[in-house]
Amino acid sequence: MTKTYTPSRPIWCAGCGDFGVLEALVTALEELEVPPHNRMIIAGIGCSGSLQNNLPCFGYHAPHGRVLPTATGAKLANPKLTVVGVGGDGDGYAIGAGHLVHALKRNPGVTYIVMNNGTYGLTKGQASPTSSTGYENNIEEDLEPIMLGLSIPGSTFLARGYSGQPEQLLRLTLAALRHTAAGRGMSYLEVLSPCVTYNDTYREWRTSVYDIDSDAGYDPNNRAAAFSRMAELREQKRLPLGLIFQEKRSALETLALNHDFAEPALQDITDPRLFTAYREAKQSFMK
Ligand code: SF4
């Protein structure tokens, strides 16, 4: 693969927050020594979805909103892969919102990075689920994805970084990848990633972010306390950054139901039981 596929240069606008996410992800994968042939990046539709073209990896551009079911399938097929889903707030929180809820509930061993810029940048700046009230005549309240994640009992890793704070973003990216590598399931990392062309929030976010990692009284292992603190900070119009919540549970792939055919991509394809299972599945489908 490394001989036939050379990563392309990003095509994002100068100053786009997505550059920071790419830098953090590349650095983290190298620091953890994940070789290119073990990286599977599943990307969503939107400006952020071109990220998978810019680093050495196996990549797949999923249909709109379908990053998480595709990533879950890839991980179940081959649990040895480091599977990372990347996308934007439009892809993940609008058309993909149902999949986000169920992926958090299932807890597959995938890292999901959402580049949240509060707009649909690729289609020239319409209001997205995380746009502020008033942006492009938006009359709705913005969604709070981290609180959504906290409300789902199966979630095991929730964090938020900011492209404007690269050191913390790298730390959180490493923590997210380590969480899934340890067999604890899905790590969900939202990154505040400004769209300088249609919704330049650098100035606003510089003053509204709040570093929860530096808050000595905050306990990221207590779901109820985390939810209450998030609600409090939202009232104060602050945006918490850092490791918001983490819990030790087993990943979906470690609880595979069909042990005969676990890890299908790693099976010996000459095993006659596979032919029998395929014929049975085909027959039941044709009925
Ligand atoms: Fe980034 Fe916005 Fe440009 Fe898209 S339109 S590349 S999100 S700055």
Side-chain angles (χ1 to χ4, degrees), residues 6-28 41-57 59-68 71 84-97 99-100 111-138 140 142-146 159-170 172-173 176 188-209 239 241:
T6 310
S8 58
R9 290 165 68 89
I11 53 168
W12 300 313
C13 310
C16 175
D18 297 355
F19 283 100
V21 177
L22 174 64
E23 173 67 18
L25 184 59
V26 169
T27 309
I41 313 280
I42 315 278
I45 303 294
C47 292
S48 54
S50 66
L51 187 144
Q52 46 111 3
N53 298 325
N54 308 136
L55 71 159
C57 65
Y60 178 73
H61 216 147
H64 206 1
R66 271 61 181 174
V67 167
L68 285 168
V84 180
V86 296
D89 42 301
D91 187 82
Y93 302 155
I95 190 169
H99 291 300
L100 174 60
T111 295
Y112 183 41
I113 302 176
V114 177
M115 285 154 266
N116 178 7
N117 54 21
T119 188
Y120 285 91
L122 188 69
T123 50
K124 301 192 175 175
Q126 299 83 7
S128 83
T130 47
S131 295
S132 312
T133 312
Y135 173 77
E136 291 291 317
N137 299 321
N138 178 31
E140 301 171 13
D142 57 310
L143 192 74
E144 206 337 314
I146 295 289
R160 184 186 276 131
Y162 174 35
S163 293
Q165 296 193 11
E167 279 176 30
Q168 183 185 44
L169 180 56
L170 175 58
L172 294 171
T173 309
Y188 168 40
L189 172 61
E190 178 180 87
V191 183
L192 302 177
S193 177
C195 168
V196 288
T197 302
Y198 296 108
N199 191 22
D200 191 349
T201 43
Y202 274 114
R203 191 186 291 260
E204 179 192 329
W205 285 348
R206 198 172 299 135
T207 51
S208 57
V209 292
L239 283 164
L241 299 181

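Order of appearance sets the numbers: ligands from 1, and atoms from 1 within every ligand. Throughout, residue positions are numbered sequentially from 1 according to the sequence presented. Both backbone and side-chain heavy atoms feed into the values below; hydrogens, waters and symmetry mates do not.
Here the heavy atom of the protein found nearest to atom 7 (S) of ligand 1 is Asn117 ND2, 3.5 Å. Scanning the protein heavy atoms around atom 1 (Fe) of ligand 1, the nearest turns out to be Cys16 SG, 2.5 Å. Here the heavy atom of the protein found nearest to atom 2 (Fe) of ligand 1 is Cys195 SG, 2.3 Å. Of the protein's heavy atoms, Val196 N, 3.5 Å lies nearest to atom 8 (S) of ligand 1.
Looking at Lys124 and Glu136, no side-chain N of the basic residue comes within less than 4.0 Å of a carboxylate O on the acidic one, giving no salt bridge.
There is no side-chain donor-acceptor pair under 3.5 Å between Asp18 and Ser48. Side-chain N/O atoms of Asp89 and Thr130 include a donor and acceptor closer than 3.5 Å. Remark: the Tyr93 side chain and the Glu190 side chain contain an N/O donor-acceptor pair separated by less than 3.5 Å.
Ring-plane geometry between Tyr162 and Tyr202 is classed as tilted, the angle between the planes lying from 30 to 60 degrees on a 0 to 90 degree scale.
Among the atoms of Cys47, an N, O or S atom falls under 2.8 Å from atom 4 (Fe) of ligand 1.
Here is the list of ligand 1 atoms found below 4.0 Å of a heavy atom in Cys13: 3 (Fe), 5 (S), 6 (S), 8 (S).
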